[in-house]
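Nothing fancy with the numbering, it's 1 onward along the sequence. Indexing begins at 1, ligand by ligand and atom by atom, following the structure's order.
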Amino acid sequence: MTSPAASGVVVRHVTEDDFPDWLLAHKVGFLRPPVVTDEEVALRRKVLDPERTRGAFDGARCVGTFLSFAQELTAVGGTAVPAGAVTGVTVSPTHRRRGVLSRMMNAELAEAKERGDVVSTLCPTEYPIYGRYGFGPAAWTTVWDVDVTRAGLDPRWSGPEDGGRVDLVDGAAIRETAPAVHDRVRAVRHGVVSRSERVWQRDTGVDLAPGEPWTEPFYVVYRDASGEPAGHAAYTVERERDGGAQPIGTAGVRELMAATPAAERALWRYLCAIDRVTRVRSGRRAPDDLLPELLPDPRAARVVSHVDLLWVRVLDVVRALESRTYETAGSLVLEVRDRAGLAEGRFRLEASPEGAACGPTTETPELIVDVAELGALWLGESSVARLVVLGRAEETRAGAAARADLLLRAARRAWCPDVF
Ligand SMILES: CC(C)(COP(=O)(O)OP(=O)(O)OC[C@H]1O[C@@H](n2cnc3c(N)ncnc32)[C@H](O)[C@@H]1OP(=O)(O)O)[C@@H](O)C(=O)NCCC(=O)NCCS
C-alpha cells in the first residue's frame with residue numbers, strides 16, 4: 001500500500017545546498033538530538049560526496065538518507081575487489097514502511113553494478129532489513145574478555161623476547177605508521193576492508209563532529225628487531241576498586257592490528273601485562289583469532305559476543321569467483337537466483353590452486369542458491385551442506401554440495417575489523 005505522503009517522496013542525489021536538511025534527517029533517523037550546527041555542516045562538506053549521497057525528499061523536507069563510498073574488500077587469497085560500501089541509511093519515523101529505503105537501495109545497487117563494483121557491503125543495525133536486497137551475513141566477529149589473573153601468564157614479563165619492542169605513541173604517530181601495517185594485513189586476510197585517510201583521522205580523534213564523544217586512547221606500536229612497525233594497538237582503561245585493596249582495571253581494545261605473528265603475540269602479551277589491568281576486552285576479532293590460544297589457559301578468555309558484522313551482496317558473480325583463490329581443484333555449475341536480476345544466472349566455475357575461470361553456462365545446474373547466500377560462500381564462511389539442510393541451497397546433482405564445500409573452504413575465517 002502506498003500512502004499519499006510516500007507517493008510524493010522524491011529520491012535523488014543531494015546537492016551541497018541539501019546538506020543541512022540531509023544531516024538533520026540523518027540525526028533524526030539515528031535518534032540523535034535534531035540540531036545541526038554550521039560547524040557540523042562544514043565538516044560534512046569535506047567528506048560527503050554528493051554523487052554518492054542520496055536523499056528522500058517530501059517537499060522541502062529530507063526524510064531519508066543513504067550514502068555509499070568506494071571500498072576495497074579482500075577476497076580469499078588476498079585480492080582486493082571493488083566494493084560499494086553502503087552507510088548512513090535512515091528513513092524518518094514519519095515516513096517509515098512506505099518503501100523509501102527500497103527505492104534508495106534499488107537505485108544504489110543498479111548504480112553500483114553500472115560502476116563495476118563486484119560486491120556491495122554494509123554493517124546492518126538490525127538483521128531483518130537487508131536480506132531482501134540480496135545481502136547476507138558474510139563475516140562474523142567475536143569479542144573476548146580475558147581474565148588476566150587466570151590466564152597463567154608469567155607476571156614478570158618485561159617486553160617482547162624476540163628482539164622487537166613495544167612503544168607508547170600518540171595519534172599522529174599512528175596515522176603515520178598504522179596504514180602500512182593495515183595494508184599488509186588486508187593483503188592477506190579476507191574480509192578486511194580498505195580505510196580512507198579520513199577513517200584514520202576519525203579513529204585518532206581528528207576533526208570529530210561537535211559533541212561526538214571521544215576519549216583519547218593509549219596507543220602502542222610494535223616494532224620488529226629491524227625497527228620496522230609491524231603492529232599497533234589502541235586501548236582505553238576503566239579503573240575501579242573492588243571495595244578493598246585490590247585494583248580492578250579493564251583495558252578495552254579499540255584496535256589491534258598485527259602484520260606478523262610476532263607482533264600479534266607481543267601486543268596481546270603487552271595488553272595482558274599492564275599493571276592494575278585485570279581484564280582485557282578484546283574488541284572485534286575474527287572468530288578464529290589467536291588470542292585464546294596465546295594464553296597458557298585459553299579458558300581465561302570468555303566469549304562476550306559473537307555476531308554477524310559484514311554483510312555482502314554479490315553484484316558480479318564471475319569476477320567475484322575468479323578473484324579468490326581455491327585450495328583444491330574442482331568444478332561447479334552454480335545457479336544464482338536474484339530477484340533484482342543483478343547477479344542472476346547460471347555459471348560454471350573451474351578452479352584449482354593455480355587459478356579460476358568462471359563464465360555463464362547453459363548446462364544443468366548442480367547447485368542452486370539465492371544471491372544472499374553467495375557472499376558468505378564466496379568468503380569461505382558458509383557450509384553448502386548446512387545450507388541444503390536448512391533449505392537455503394538446492395543440490396540438484398548428488399555430491400555437488402560436498403564438492404562445493406571442498407572448493408570454497410578457506411583455511412582462516414574472514415575478518416572485518418571495521419564497522420562502517
Ligand atoms: C531501517 C529503515 C531505514 C527502513 O526504512 P523504510 O523506508 O521503513 O523501509 P521500506 O519501507 O523500504 O522497507 C522495505 C521492506 O523492508 C522491511 N523492513 C524495513 N525495515 C525493517 C526492519 N527494521 N525490520 C524488519 N523489516 C524491515 C519493510 O517491512 C518492508 O517489507 P516488505 O517489502 O515486505 O513490505 C528505517 O526503519 C530506519 O531509518 N531505521 C532507523 C535507522 C537504522 O536503523 N538504519 C539502518 C542502518 S544500517
Side-chain angles (χ1 to χ4, degrees), residues 1-14 18 21-36 44 47-48 52-59 61-71 73 83-112 117 119-141 191 193 199 202 209 212 284 305 307-313 337-342 370-372 375-376 392 416-420:
M1 192 178 73
T2 307
S3 74
S7 62
V9 172
V10 174
V11 169
R12 60 169 171 80
H13 285 113
V14 299
D18 294 320
D21 294 336
W22 189 93
L23 266 181
L24 184 61
H26 189 263
K27 287 197 161 182
V28 168
F30 284 122
L31 303 178
R32 301 208 179 102
V35 183
V36 174
R44 283 290 186 150
V47 291
L48 278 182
R52 302 282 298 247
T53 309
R54 286 192 163 76
F57 294 87
D58 186 355
R61 189 172 182 106
C62 186
V63 296
T65 65
F66 191 109
L67 65 93
S68 76
F69 61 91
Q71 185 184 64
L73 168 63
V86 171
T87 184
V89 177
T90 72
V91 171
S92 298
T94 48
H95 288 68
R96 75 195 286 277
R97 308 302 183 263
R98 300 172 191 181
V100 174
L101 167 62
S102 291
R103 288 170 61 192
M104 296 193 290
M105 181 61 89
N106 292 338
E108 164 62 21
L109 292 177
E111 219 171 82
D117 290 341
V119 294
S120 274
T121 56
L122 49 77
C123 301
T125 51
E126 291 185 86
Y127 197 99
I129 306 174
Y130 297 105
R132 73 194 67 242
Y133 307 115
F135 288 85
W140 281 255
T141 58
V193 293
V199 169
R202 186 202 60 200
E212 207 168 326
R284 291 178 298 272
S305 70
V307 290
D308 52 283
L309 175 86
L310 178 74
W311 285 48
V312 170
R313 202 270 188 230
R337 302 247 163 104
D338 180 357
R339 63 176 163 161
L342 298 165
D370 187 84
V371 64
R392 285 164 30 196
C416 180
D418 295 26
V419 179
F420 52 90

Answer yes or no: does an N/O atom from Arg97 fall short of 3.5 Å to an N/O atom of ligand 1? yes

Could any protein non-hydrogen atom be found less than 4.0 Å from atom 31 (O) of ligand 1? yes

Run the side-chain donor-acceptor check on residues 23-33: report pairs under 3.5 Å with partners two or more places apart or on a different chain.
from, atom 1, to, atom 2, distance (Å)
Lys27, NZ, Val35, O, 2.8
Lys27, NZ, Glu40, OE1, 3.2
Lys27, NZ, Glu40, OE2, 2.6

Please give me the minimum heavy-atom distance between Ser120 and Leu109, naming the atom from each residue. OG-CD2, 3.5 Å

Sub-4.0 Å atoms of ligand 1 with respect to non-hydrogen atoms of Thr90: 39 (O)

Crowding at CZ, Arg12 (>12 non-hydrogen neighbours, <6.0 Å): yes

Within this structure, what is the CH2-OG1 distance for the pair Trp311 and Thr121, rounded to the nearest 0.5 Å? 13.5 Å

Counting only heavy atoms, which portion of Glu126 has something under 4.0 Å from ligand 1: side chain, backbone, both, or neither? side chain

Under a 4.0 angstrom heavy-atom cut-off, which atoms of ligand 1 come close to Ser102? 12 (O), 14 (C)

Quick note on ligand 1: atoms under 4.0 Å from a heavy atom of Tyr133 include exactly 12 (O), 14 (C)

Do any nitrogen or oxygen atoms of His95 lie less than 3.5 angstrom from nitrogen or oxygen atoms of ligand 1? no

May I ask you to check if ligand 1 and Cys123 share an N or O to N or O distance below 3.5 Å? no

Rounded distance [0.5 Å steps], OH in Tyr133 versus CD in Glu108: 13.0 Å

Geometry only, no angles: is Gly29 polar-contacting ligand 1 at N/O separations under 3.5 Å? no

Where does Phe66 meet ligand 1, judged by heavy-atom distances below 4.0 Å: at the side chain, the backbone, both, or neither? neither

Does Tyr130, backbone or side chain, put an N or O under 3.5 Å from an N or O of ligand 1? no

Quick one: look at Arg98 and ligand 1, take heavy-atom pairs under 4.0 Å, and tell me if it's side chain, backbone, both or neither. backbone

Heavy atoms of the protein only: does one fall short of 4.0 Å from atom 8 (O) of ligand 1? yes

Could an N or O of ligand 1 be found under 3.5 Å from any N or O of Ile129, whether backbone or side chain? no

Could an N or O of ligand 1 be found under 3.5 Å from any N or O of Phe30, whether backbone or side chain? no

